[in-house]
Amino acid sequence: MAGLALDGSNPDVSLLYDINGLAKSAPTWFDRVMEFVGEYGIMLGMVLVVLWCWWSVRRRGTAEDSVTAVAGIVWAPLAAGIALLINIPIRGFVERPRPFRDHQGLDVLVDGKNDFSFVSDHATMAMALAVGLFLVNRKFGIAAIALALLEGFCRIYMGVHYPTDVVGGFALGTAVALLLAPLAMMLLTPLVAAVSRSDRFGWLVRSRRPVPSAAADERAGGFGIPEPRPGTGGGDGEKDLAA
């Protein structure tokens, strides 16, 4: 399996050279920025999006809504971790070398990448987080998916992954986040509900001063914050609490 994408006429390799070639004509400072963004910056941004989403959903809807949404947010990083674990045997089976080991002329922006290339850990983790958030809240999920796509571009730009490494990472992260979500929610929801009833840690799940429910375009169809029912107004925080 190590011979994947070794032919220079392969579209995978051609796209690699096209994207990585941008680094050759870019200023040195821009390459340094892309190196930091692709290696650390985007993942830090994903963490901030997760925290922002948590802060938002715990303040909206009923107490039950908050429990479900926070459980979904907890699932997002867990999905990323599980996807990374699944990728370990995949990498060992495929044994695809990093592109700069088989192709000359690449501008490699980061050193020390001596492990296998398929699939990209960064792409896997970013997309698993993004899809997990999308199941909770569409607005934050779309923002996270955009960051995940940028992460994939950066990994190719840096010369450390083929495009198919990134696509494979996106597919793996998405599959884990979606397919295991029902089981994860079945296990996490009672745990989060127990935390919400705690005097010491309840604030992690439910704000003491809730605000009106989110608009329909900010909720997900899976287990996000529910849309107000017709005729209820959806903006009475006291009615939500009473429910």
Side-chain angles (χ1 to χ4, degrees), residues 40-85 125-148 151 173-174 176-229 231-243:
Y40 309 107
I42 291 179
M43 298 315 303
L44 176 60
M46 296 287 289
V47 171
L48 295 177
V49 172
V50 170
L51 291 176
W52 190 2
C53 184
W54 161 76
W55 183 261
S56 176
V57 301
R58 63 186 277 276
R59 297 167 60 85
R60 297 179 176 180
T62 66
E64 183 180 355
D65 299 335
S66 296
V67 167
T68 304
V70 171
I73 292 174
V74 172
W75 166 237
L78 289 178
I82 293 173
L84 289 179
L85 290 177
M125 183 164 54
M127 190 56 74
L129 276 169
V131 173
L133 281 186
F134 187 81
L135 294 176
V136 176
N137 184 287
R138 287 197 181 100
K139 179 180 70 175
F140 288 104
I142 290 173
I145 289 173
L147 286 176
E151 178 68 75
T174 299
V176 170
L178 290 180
L179 296 179
L180 297 183
L183 176 61
M185 292 301 295
M186 182 177 67
L187 298 175
L188 289 172
T189 301
L191 178 61
V192 174
V195 173
S196 71
R197 294 190 292 269
S198 169
D199 292 336
R200 178 174 298 182
F201 300 108
W203 64 272
L204 291 171
V205 179
R206 178 66 177 164
S207 173
R208 294 182 181 274
R209 301 171 66 180
V211 298
S213 299
D217 61 352
E218 294 182 2
R219 50 179 287 280
F223 40 81
I225 304 171
E227 182 179 1
R229 292 186 299 274
T232 64
D236 191 341
E238 294 182 359
K239 291 182 180 179
D240 287 343
L241 287 176

ask   = Any idea which heavy atoms bring Ala80 and Ala128 closest together, and the distance?
value =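 Looking at all heavy atoms of both residues, the closest pair is CA-CB, 3.6 Å.
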
Between Ala130 and Ala148, which heavy-atom pair has the shortest distance, and what is it?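 The pair with the smallest heavy-atom distance is CB-CB, 4.4 Å.
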
Would you compute the distance between atom CE of Met46 and atom CD1 of Ile145 and round it to the nearest 0.5 angstrom?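 Between Met46 CE and Ile145 CD1, I get 9.0 Å after rounding to 0.5 Å.
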
CG/Leu51 to CZ/Phe140 distance, rounded to the nearest 0.5 angstrom?
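Those atoms lie 10.5 Å apart.
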
So, using side chain to side chain contact (heavy atoms under 4.5 Å, CB included) as the criterion, who are the partners of [X] when residues are at least two apart?
X	value
Val50	Ile73, Leu129, Leu133
Ile82	Trp75, Ile86, Val176, Leu180
Leu178	Val131, Leu135, Thr174

I'd like a table of donor-acceptor pairs (distance under 3.5 Å, sequence neighbours excluded) in which one partner is a side-chain atom from residues 185-192, with atom names and distances.
{"unit_1": "Thr189", "atom_1": "OG1", "unit_2": "Met185", "atom_2": "O", "d": "2.7"}

| said: Tell me if a side-chain donor or acceptor on Ser56 pairs with a main-chain N or O of Cys53 at a distance below 3.5 Å. | reply: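 Not confirmed, Ser56 side chain does not pair with Cys53 backbone.
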
Query raised in the report: Is Thr68 reaching over with its side chain to a backbone N or O of Glu64, donor-acceptor style, under 3.5 angstrom?
Result: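 A pair under 3.5 Å: yes.
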
- Do Leu147 and Glu151 touch side chain to side chain, with heavy atoms closer than 4.5 Å?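 They are not in side-chain contact.
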
